[in-house]
Amino acid sequence: MNTEIENSCINAIRFLAADAIEKAGSGHPGMPMGAAPLAFTLWVYHLKHNPADPLWPDRDRFVLSAGHASMLLYALLYLTGYDVTLEDIKQFRQWGSKTPGHPERCHPSGVELTTGPLGQGISHAVGMAMAEVHLASKFNTPEITIVDHYTYVLASDGDMMEGVTFESCALAGHLGLGKLIVLYDDNGISLAGSTALTFTEDIEARFRALGWQVLRVFDGTDCREISRAIEEAKNEKNRPSLIRVFTKIGYGAPKKGGTSKCHGAPLGLEELVSAKEQLGWPVDAFFYVPEDVLSYCRSVKDEGAKKQSEWEREFNRYCAIFPERGQEFLRVMRGDLPGGWEESLNKLSFPQRDLSTRKASESVLQILAEKIPELMGGSADLNPSCLTWLKNKGDFQRPGEHREPLDGEVGGGWNYSGRNVHFGVREHAMGAIAGGLAVHGGIRPYAATFLVFSDYMRPPMRLAAIMGLPVIYVFTHDSIAVGEDGPTHQPVEQLMNLRAIPNLRVIRPCDAAETVEAWKMAVMHRRGPTAIVLTRQDVPVLDRTELAPADGLRKGGYVLWESSSQMPDLLFIATGSEVALALDAARKLAREGVRVRLVSLPCWELFDEQPESYKYSVLPPMVKARIAVEAGVPLGWEHYVGLEGRIIGVNSFGASAPQKVLMGKFGFTVEHIVKVARSLIS
């Protein structure tokens with residue numbers, strides 16, 4: 001049985017949440033009221049954290065995957081002493097408050113991850129747990145352990161229904177992530193009604209099949225039973241754990257409790273008062289927290305400070321024995337790049353022959369892998385196609401006994417220190433796991449697949465953009481030039497889809513030299529994600545002795561070539577593989593006496609950030625004759641060509657045919673571009 005003070009703490013959580021939701025006029029009171037005992041037990045008795053220093057590197061991570069229960073988290077933050085006040089609680093869901101409708105990373109401090117779209121929290125947590133074991137394998141020694149923490153998730157029935165949950169949890173089970181613990185709040189209710197309407201599979205058998213330990217707590221109000229299950233999960237070193245906790249949604253609400261009516265709407269004043277009355281809470285007080293409750297919950301600050309102090313003593317001892325490794329740990333956790341990382345890239349050159357940008361990217365990655373040891377990632381079972389392996393840097397896998405190499409293994413070892421992540425055919429999970437690696441810190445993640453399959457991973461990409469995570473996405477096979485595979489594998493609308501995401505840089509380099517610069521910009525960008533979009537087919541390596549240097553990419557767009565120093569009659573604007581094609585067309589027109597300028601515009605976002613003076617110098621406003629050339633949907637190019645310009649793009653899905661045939665059929669030929677240009681300037 002719970003003690004009197006524990007029950008008071010739990011009720012304080014319940015009614016802080018319910019009161020704030022009632023005041024806001026919107027929110028989700030059901031889960032905070034039902035899951036309060038398990039959240040309290042975890043946060044006060046098990047979670048290793050220090051509210052005075054929310055970013056302490058060896059803290060346990062807590063992810064509220066059921067982000068709609070945000071007031072549960074805000075109540076915990078307030079009660080345990082984070083930088084959240086009672087006034088912040090009262091401003092739930094209001095403009096500019098620290099307590100938005102769904103949790104937002106570091107807003108307020110103590111929120112590890114932006115959640116809300118179900119399945120994303122638990123899937124990002126897999127990446128966070130992967131980061132923990134990877135850093136532990138790199139930095140811990142037999143003498144001293146400096147990385148040793150758990151990743152906890154509070155998940156809902158809705159999380160369990162999402163497909164991405166099982167993509168990511170399958171990989172977690174395969175990898176044996178023993179420090180990943182998911183508390184599943186099983187209340188049997190979703191927004192539309194009972195989960196029996198749609199969700200009747202044997203969830204425990206499913207997780208066991210994924211390689212997880214599965215535990216049960218039948219009474220979700222019993223702190224002792226919840227604590228026992230958490231201890232058992234912590235003691236399991238070789239498997240992640242799912243703790244299924246049976247709870248009652250809206251616990252204490254006499255009419256709406258146990259029903260979908262309390263899932264996504266305030267209880268209403270009458271029901272709220274009745275719930276307080278039923279649970280012995282003052283009915284005439286709102287946002288009421290007894291002093292003994294605050295004192296009891298905030299005792300975790302002392303315990304957290306003590307644990308952090310112990311860790312800091314160990315870390316100082318570590319630095320005394322291993323000074324270089326200690327400084328390296330601090331560097332990667334800060335996210336700083338190592339000194340001189342660019343030097344080898346600046347010396348990289350490519351012969352004057354046709355080369356796909358994915359192949360150029362492969363060469364860049366091998367150099368970066370040597371210079372940036374925290375660089376880690378992989379593809380969705382596409383290493384031989386995307387060419388995104390880090391050769392001889394090991395495979396991130398559960399450590400095992402000596403064995404024969406497997407087909408497809410990159411090489412260099414099989415353990416948690418490996419830097420090649422084999423995601424399997426799981427694009428959605430890959431995007432979320434890459435985000436989790438970045439959220440944890442100490443890792444610079446990348447993830448790769450074909451551009452057309454970026455659709456599968458768009459939700460975590462959007463979250464990475466919202467959170468400002470420096471994830472690098474590598475998308476190859478970037479246009480209808482994929483050829484014979486046909487329209488299912490030929491991206492048409494994907495470039496514009498990605499460009500529509502705020503705070504995501506999309507870079508489509510035109511040749512090997514621009515590919516080098518694209519990687520530089522991606523690595524240096526720390527305030528958001530970057531998508532590098534690459535060709536499958538070979539494209540010319542442009543002669544930079546005759547053309548502008550590729551470092552013009554750093555401004556997003558630049559004048560690659562022009563036929564005259566005078567104001568041009570015509571502007572060509574192109575990206576990726578179409579730049580070389582536009583260059584040939586521009587030179588042909590120049591021989592006819594047309595003053596032509598060709599602009600390479602690999603990154604719209606970077607270009608739009610430049611001063612107006614620079615943008616006008618590249619795209620003079622007085623030149624109205626403009627043609628954009630890109631093998632994708634034309635929507636959006638009006639931003640650069642205006643109403644009087646022309647766009648040579650793709651207005652339909654592709655087709656199955658050889659690359660050169662397709663490009664000709666869709667108008668990507670010198671002859672067609674020249675014909676359009678003549679019609680524009682005649």
Side-chain angles (χ1 to χ4, degrees), residues 354 478-481 490 492 495-496 508-511 514 535 537 539-540 542-543 546-548 552 556-602 604 607 615-655 657-682:
D354 289 358
D478 71 345
S479 71
I480 57 171
Q490 293 168 3
V492 173
L495 266 173
M496 289 303 175
R508 188 177 184 233
C510 71
D511 72 342
E514 277 196 1
T535 68
Q537 78 276 19
V539 294
L542 301 178
D543 185 354
E546 299 179 359
L547 305 169
Y558 61 105
V559 178
L560 179 66
W561 178 85
E562 54 188 342
S563 63
S564 169
S565 59
Q566 298 180 27
M567 186 64 64
D569 302 313
L570 174 69
L571 293 176
F572 278 127
I573 315 169
T575 75
S577 52
E578 290 73 68
V579 168
L581 185 64
L583 178 61
D584 289 343
R587 283 171 166 163
K588 183 170 184 177
L589 287 165
R591 289 192 292 270
E592 298 175 6
V594 180
R595 295 193 301 272
V596 188
R597 173 180 291 183
L598 171 60
V599 173
S600 176
L601 195 67
W604 291 17
F607 185 73
K615 288 186 284 188
Y616 288 167
S617 72
V618 174
L619 300 174
M622 64 286 297
V623 181
K624 305 298 183 183
R626 303 180 179 197
I627 299 176
V629 188
E630 184 175 71
V633 293
L635 178 68
W637 273 109
E638 299 87 352
H639 178 54
Y640 297 109
V641 303
L643 297 177
E644 299 175 46
R646 299 288 187 274
I647 305 166
I648 298 174
V650 180
N651 286 295
S652 65
F653 293 111
Q659 168 207 331
K660 290 184 179 179
V661 173
L662 275 175
M663 296 302 274
K665 293 291 186 182
F666 280 89
F668 293 97
T669 64
V670 170
E671 293 73 22
H672 180 68
I673 295 172
V674 168
K675 180 181 177 182
V676 173
R678 287 173 179 152
S679 70
L680 189 60
I681 59 178
S682 61

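From a predicted model like this one, the values you see are computed outputs, not experimental measurements.
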> If you look at every heavy atom in Ala586 and Trp561, which pair is closest and at what distance?
Replying inline: CB-CZ3, 3.7 Å
>> Walk me through whether Lys660 and Met663 qualify under side chain to side chain contact (heavy atoms under 4.5 Å, CB included).
In response: CA-CA 5 Å; Lys660 290 184 179 179; Met663 296 302 274; 5.9 Å; no
>> Measuring only between side-chain heavy atoms, which start at C-beta, is Asn651 closer than 4.5 Å to Val633?
In response: no
> Do Arg508 and Glu578 sit within salt-bridge range, that is, some charged N less than 4.0 Å from a carboxylate O?
Replying inline: yes
>> Is there a side-chain contact between Asp354 and Pro540 in this structure, where contact means two heavy atoms from C-beta onward sitting under 4.5 Å apart?
In response: yes
>> Could you report the tightest heavy-atom contact between Gly654 and Phe666, atom names first, then the distance?
In response: CA-CZ, 3.9 Å
>> In the structure I gave you, are the side-chain heavy atoms of Leu619 and Lys615 within less than 4.5 Å of one another anywhere?
In response: no
>> Tell me the closest heavy-atom pair linking Ala574 and Ala582, and the distance in Å.
In response: CB-CB, 4.1 Å
> Are side-chain heavy atoms of Leu571 and Ile627 found at a separation under 4.5 Å?
Replying inline: no
> Got a donor-acceptor contact below 3.5 angstrom from the Asp511 side chain to the Leu542 backbone?
Replying inline: yes
> Hey, mind stepping through Val539 and Cys510 against side chain to side chain contact (heavy atoms under 4.5 Å, CB included) and telling me if it holds?
Replying inline: CA-CA 8 Å; Val539 294; Cys510 71; over 6 Å; no
> Can you find a heavy atom in the side chain of Glu630 that is under 4.5 Å from one in the side chain of Leu495?
Replying inline: yes
> OG1/Thr669 to NZ/Lys675 distance, rounded to the nearest 0.5 angstrom?
Replying inline: 9.5 Å
> Which residue, Leu662, Val650, Ile673, forms the side chain to side chain contact (heavy atoms under 4.5 Å, CB included) with Phe668?
Replying inline: Val650
>> Counting C-beta onward and ignoring hydrogens, is there a side-chain heavy-atom pair between Val674 and Leu589 closer than 4.5 Å?
In response: yes
> What distance do Leu680 atom CG and Lys624 atom NZ have between them, rounded to the nearest 0.5 Å?
Replying inline: 12.5 Å
>> I'd like to know whether Val599 forms a side chain to side chain contact (heavy atoms under 4.5 Å, CB included) with Leu560, so could you lay out the CA-CA distance, the side-chain angles of the two residues, the decisive distance to 0.1 Å, and finally the verdict.
In response: CA-CA 5 Å; Val599 173; Leu560 179 66; over 6 Å; no
>> Using every non-hydrogen atom in the two residues, find where Gly667 and Ile648 come nearest and quote the distance to one decimal.
In response: O-CG2, 4.0 Å
>> Run Met567 and Met622 through side chain to side chain contact (heavy atoms under 4.5 Å, CB included) and show every step you take.
In response: CA-CA 9 Å; Met567 186 64 64; Met622 64 286 297; 3.8 Å; yes
>> One thing to verify: whether Glu592 and Arg587 come together as a salt bridge, which I'm taking to mean a side-chain N less than 4.0 angstrom from a carboxylate O.
In response: no
> Got Val618 and Phe607 here, is their nearest side-chain heavy-atom distance under 4.5 Å?
Replying inline: yes
>> My understanding is that only residues two or more places apart in sequence, or in another chain, count here; which of them pass ring pair (Phe, Tyr, Trp, His ring centres under 6.0 Å) with Tyr640?
In response: Trp604, Trp637
>> Can you see whether Glu514 engages Ser600 through a side-chain donor-acceptor pair at a distance of less than 3.5 angstrom?
In response: yes
> How long is the span from the NZ atom in Lys588 to the CG atom in Leu583, to the nearest 0.5 Å?
Replying inline: 14.0 Å
> Looking at residues at least two apart in the chain, or sitting in another chain, which of them share a side-chain contact (heavy atoms from CB on, under 4.5 Å) with Arg595?
Replying inline: Ser563, Ser564, Gln566, Asp569
> Are any non-hydrogen side-chain atoms of Leu643 and Glu638 less than 4.5 angstrom apart?
Replying inline: no
> Taking atom NE2 of His639 and atom CD1 of Ile573, what is their separation to the nearest 0.5 Å?
Replying inline: 10.0 Å
>> Looking at every non-hydrogen atom in both residues, tell me the closest pair between Pro634 and Ile647 and how far apart they are.
In response: CB-CG2, 3.3 Å
> Rounded to the nearest 0.5 Å, how far does CG of Leu598 lie from CG of Leu581?
Replying inline: 10.5 Å
> Closest heavy-atom contact between Arg626 and Val623?
Replying inline: NE-O, 2.9 Å
